[in-house]
Amino acid sequence: MTPITKALWLLPLTGVLAGCVPRIEVAAPKEPITINMNVKIEHEIHIRVDKDVEALLKNQSDLF
């Protein structure tokens, strides 16, 4: 193969490979982003007290 023939083969090949380059585009949204924060939080606290401690709290209510 002559150098001219090699160049003629490589020219279309490079054109095809150039078309396969990935393109990434970053754009800002047209409308602002809204976040809905309507959250309802409920909790329950269960305390288990030993019977001796419960009797102590009943007898001496001025502790707390």
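Computed from a prediction, not measured in an experiment: that's the story for all the values here. Residue numbers start at 1 and run along the sequence shown.
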- Message: Considering only residues two or more places apart or on different chains, which pairs with a residue in residues 29-43 satisfy side chain to side chain donor-acceptor pair (under 3.5 Å)?
- Response: N36-N38, K40-E42
- Say whether I33 and V39 are linked into one hydrophobic cluster, either directly or through other cluster members, by side-chain heavy-atom distances under 4.5 angstrom. no
- Output the distance between atom CG (N59) and atom CD (E54), rounded to the nearest 0.5 Å. 10.5 Å
